[in-house]
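What follows is one structure encoded as structure tokens, with my remarks underneath.
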Amino acid sequence: MYQLHRLGILNDIDIQCAAFLNSLAGDSGSDAVFIAAALTSNTTTDAKHTCLDLAGAADKTVLQLFPDIPESEQKQLNVQKTPLLSDWISRLQSSTVVGLPGSYTPLILDEGNRLYFYRFWQYEQQLACAIRQRLSQKPLELDNQVLTDGLRRYFIESPTDPDWQQVAAFTALGRHFTVITGGPGTGKTYTVTTIMALLLEQKPDAAVRLCAPTGKAAARLQDSVRSTVLNMPCSDTIRSLIPETASTIHRLLGSRPLAGSFVHNRGNPVAVDLLIVDEASMVPLNLMAKLLEAVPETASVILLGDKDQLASVEAGAILSDICDAAGANRFSPDFRSRYQSLTGTEIPAQNRIEQPHLLTDCTVELQHSYRFDSDRNIGRLSREINSGNDETVRDLLSSGTSAPLTFSPLPTPETVQKNLRQRISNWYAEIIASPDVQTAFEAYNRFRLLCSHRTGRYGAEMANKLAETTLSIRHTVTPQGLQYHGRPIIITENDYTNQLFNGDTGLIWNSGTRDIQAFFPAPGNTVRSIALSRLPRHQTAFAMTIHKSQGSEFDDILIILPDHDSLLLTRELLYTGITRARSTVELWADIDIIAAAVQRRTHRTSGLRDALTA
């Protein structure tokens, strides 16, 4: 383990945590406890699993556990293996710092041979319990005639049979917990807006709230709902009742940063009858557990998001776990019968599940993209990537591409830098030529350079350094430690006081009426300003990693992948990057690297699926 620490594979916190727990164990401490604790720390902080899969980690060499170690370092590694599974479990069970589920010990070892830090095990159980409690409740009491009229009025024509948007609305109005998933442009916002309208037609006094994990995502949700409401076939009264504001989850719960807690919890719940959580794939385990704890059990919760995109930047993959456990678009005979009686439409037999369980009838996947043709260009590429069809992806890109999807073999680092210099210069010139900061944001969001990696010859740090060096020559920008007019930035830590969160992007702007400030998008196509002295940690953001781009959309994107394979390159990463585009995608990469990424899936170890189906 110390060897891995020296190589930078394990962090200081991994080693210190393992040493502390081993010393806390006293006579029951051992190398087995130390190794398990260090790997559990690393897997939750770096790999973002919620626990360590002992079966997968047992009897493995260092290189088998961490295959991404550079070849230059591999010769220094010893061939010693982790303990055999049976021996490892036995030695952990004999330690005082390891307990069974329900014990109050630093580490929890469950029946699936998963090793947790206590708090992650608690969050997982808390979330599973909250979901199961909601699904166990009686359906909402509704006026079927009003519901039938509404479903027919809001869903007139559909390119799919059945109309999955209508199915999703019917599902959400009958249960206290619903997941609606789908790729970009599949109509998720329209669907939840109609759900709000349908509920308010039944219960005009219902308290409806909208939230999202980041300020950027909340602003996008709010603007999308506002524009959708304008053209909905509902009365002005219902239109006025649909909420016009969305908040971050932290603001909804009432974050208390100094105390490390929230105002709202089980004892002081949020006043809400229907809560819609957008970009649910970005919500980490701990935050989702606290959110559902703070929502009354009598309220309905809808999780909205894309299960196929990257999971949260913190531990957990909640949306994916729930969809895997529930099975999207699988319905019981009773559900299919009720849906047909109210809508006159039949759900196909292939969507029937003969042995329903608690999670049955709660998850709907929207399948038609109104933005991309699924048989052409960006739509087809994203679909084939999701399906893991690496040979099809290879053929599609190698056969020659043109706008809106273009592919180029990865140029040399020198050629990349040459091509980026001119493109970034033109882009920056368009930004600073804007008459005001709102217009500047429009220019900034028309294009984005996305990289799979933060570091390296093809990473985001390289691209940002190149951008500032180029602009310092061509535009007399002085970026060395200084803020400059038109500088794009990305927040790299959560700042609850200023409601700025990891991944939020802004612009440094001199409006001419006050000192230069940082501006960030706000709901209603507005901006809000923050004094530079109040900014949390941030970086230049001409380029960003695909991970940081989650929850964003840009007109045109350029994606650059590295010249070597990496465990970071997965089909989820490629899918997320490509689907950030509204109009065009340009991809610079080695075709073999792309094919390898398509074959590799992101997997986050978790016990949530088992906890939900137990």
Side-chain angles (χ1 to χ4, degrees), residues 184-185 189 212 214-228 230 244-246 278-279 370-372 378 403-404 420 422-450 460 463-464 467-468 471 474-475 477 483-491 499-501 503-514 516-530 535 538-544 546 548-559 577-586:
T189 302
T214 67
K216 175 175 56 181
R220 281 189 53 221
L221 172 62
Q222 180 170 304
D223 290 343
S224 296
V225 169
R226 283 182 173 181
S227 62
T228 301
L230 295 176
E244 293 188 347
T245 59
D278 196 17
E279 296 291 355
Y370 295 87
R371 183 183 305 170
F372 303 124
I378 298 173
L420 288 182
Q422 190 59 50
R423 183 170 297 196
I424 290 173
S425 294
N426 294 339
W427 179 30
Y428 179 74
E430 185 179 359
I431 294 172
I432 61 171
S434 302
D436 52 59
V437 68
Q438 287 97 332
T439 309
F441 269 113
E442 293 175 7
Y444 177 50
N445 288 327
R446 277 196 281 272
F447 172 74
R448 192 70 88 250
L449 171 59
L450 301 181
N464 282 315
E468 293 194 322
L471 296 175
R474 301 187 181 185
H475 295 281
V477 162
Q483 301 286 17
Y484 54 89
H485 180 63
R487 180 193 181 198
I489 60 172
I490 185 168
I491 301 300
Q499 289 293 299
L500 292 173
F501 300 96
D504 284 352
T505 53
L507 287 173
I508 305 299
W509 197 261
N510 187 349
S511 61
T513 58
R514 59 179 70 181
I516 188 170
Q517 292 182 300
F519 289 82
F520 294 87
N525 197 30
T526 61
V527 296
R528 63 188 181 102
S529 61
I530 298 290
L535 276 178
H538 57 279
Q539 300 170 346
T540 301
F542 288 101
M544 64 174 60
I546 294 174
K548 294 286 189 181
S549 73
Q550 290 186 87
S552 301
E553 290 181 353
F554 315 105
D555 291 344
D556 309 305
I557 62 171
L558 168 60
I559 299 176
I578 288 167
T579 54
R580 295 312 90 200
R582 299 188 190 97
S583 301
T584 70
V585 172
E586 190 174 354

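- Under the rule for a side-chain contact (heavy atoms from CB on, under 4.5 Å), the partners of S552 that lie at least two apart in sequence or sit in another chain are K216, F554.
- The two residues D504 and Q499 have their closest heavy-atom pair at OD2-O, 4.3 Å.
- At least one donor-acceptor pair closer than 3.5 Å links the side chain of N464 to the backbone N or O of F542.
- Residues that satisfy the side-chain hydrogen bond (donor to acceptor under 3.5 Å, both in side chains) test with D555, not counting sequence neighbours, are R582.
- The heavy-atom pair separating T189 from S224 by the smallest distance is CG2-CB, 3.6 Å.
- Ion pairing between R448 and E553 fails under the 4.0 Å rule for side-chain N and carboxylate O.
- Remark: R528 pairs with no residue by the side-chain hydrogen bond (donor to acceptor under 3.5 Å, both in side chains) rule, at least two apart or across chains.
- Centroid-to-centroid, the aromatic rings of F519 and W509 stay 6.0 Å apart or farther.
- With values rounded to the nearest 0.5 angstrom, R226 atom CZ is found 10.0 Å from L230 atom CG.
- Side-chain contact check for T540 and R487: at least one donor-acceptor pair (N or O, by modelled atom type) lies under 3.5 Å.
- In plain terms, the two heavy atoms of I578 and I557 that are nearest each other are O-CD1, 4.0 Å.
- Residues I489 and H538 share a closest heavy-atom pair of CG2-CD2, 3.8 Å.
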